[in-house]
Amino acid sequence: MALCPGCGYRASEPGVGLCERCHDMRLQANYADADHQRTQARRAWWRERQRAHRKYAHLRPAAILPRETDPLELAEKAVRLTEQVIAASAPPEKIQLETVAEIIRRLAWGPVK
């Protein structure tokens, strides 16, 4: 009778090469590893989905504009309002508001094509 290579004590079962206990432990370990990988993949997908959902929810306007609205006109209005606030603000806030105005300009122009 051959010894189990897993524990070295028990006789191995024919065809498996391990004793019943070591065979069961290896099956459990393999299943736990595969289950862990599936769980991690599912969690990563869910985190990404939630991140995108939170972004859309945070950026959703109070009222959706009609399709014919020109983004450049909307951005111009936002930049003008920001410039009015900049004129009435203290220096530290001015830097942040100028950054906001620049971001609005970039959004209006969109990415480089």
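All values below were derived from every heavy atom in this structure, side-chain atoms included, with hydrogens, water molecules and symmetry-related copies excluded.
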Using atom types as modelled, flag every donor-acceptor pair under 3.5 Å from a side chain in residues 80-89 to any protein atom, sequence neighbours excluded.
unit_1 : atom_1 : unit_2 : atom_2 : d
Arg80  : NH2    : Glu76  : OE2    : 2.7
Thr82  : OG1    : Ala78  : O      : 2.7
Ser89  : OG     : Val85  : O      : 2.5

Between Arg106 and Glu102, is there a salt bridge with N-O shorter than 4.0 Å? yes
Kindly write out the residues that satisfy side chain to side chain contact (heavy atoms under 4.5 Å, CB included) with Leu72, not counting sequence neighbours, or none if the list is empty. Asp70, Ala108
Can Val79 be reached from Leu97 by stepping across I, L, V, M, F, W or Y side chains whose heavy atoms are under 4.5 Å apart? no
Smallest heavy-atom separation, Gly17 atom then Pro5 atom, equals O-CD, 2.8 Å
Considering only NZ, NE, NH1 and NH2 on the basic side and carboxylate oxygens on the acidic side, decide whether Asp35 and Arg38 come within less than 4.0 Å. yes
Calculate, to the nearest 0.5 Å, the distance between atoms SG and CG belonging to Cys19 and Asp24 respectively. 8.5 Å
Could you tell me which residues satisfy salt bridge (charged side-chain N to carboxylate O under 4.0 Å, His left out) with Asp33, sequence neighbours excluded, listed by chain and number? none
Is it true that, when you exclude Arg26 itself, more than 12 heavy atoms of the residues, nucleotides or ligands shown sit nearer than 6.0 Å to its CZ? no
Could you go through the salt bridge (Lys or Arg N to Asp or Glu O under 4.0 Å) check for Glu98 and Lys94 one step at a time? CA-CA 6 Å; Glu98 289 169 356; Lys94 284 185 181 183; over 6 Å; no
Does anything in residues 44-67 pair up under side-chain hydrogen bond (donor to acceptor under 3.5 Å, both in side chains), and if so which pairs, sequence neighbours excluded? Glu48-Arg51
Measuring from Leu3:CG to Leu18:CG, what's the distance to the nearest 0.5 Å? 12.0 Å
Transitive ILVMFWY cluster of Leu74 at side-chain heavy atoms under 4.5 Å: who else is in it? Leu65
Arg43: what forms a salt bridge (charged side-chain N to carboxylate O under 4.0 Å, His left out) with it, not counting sequence neighbours? none
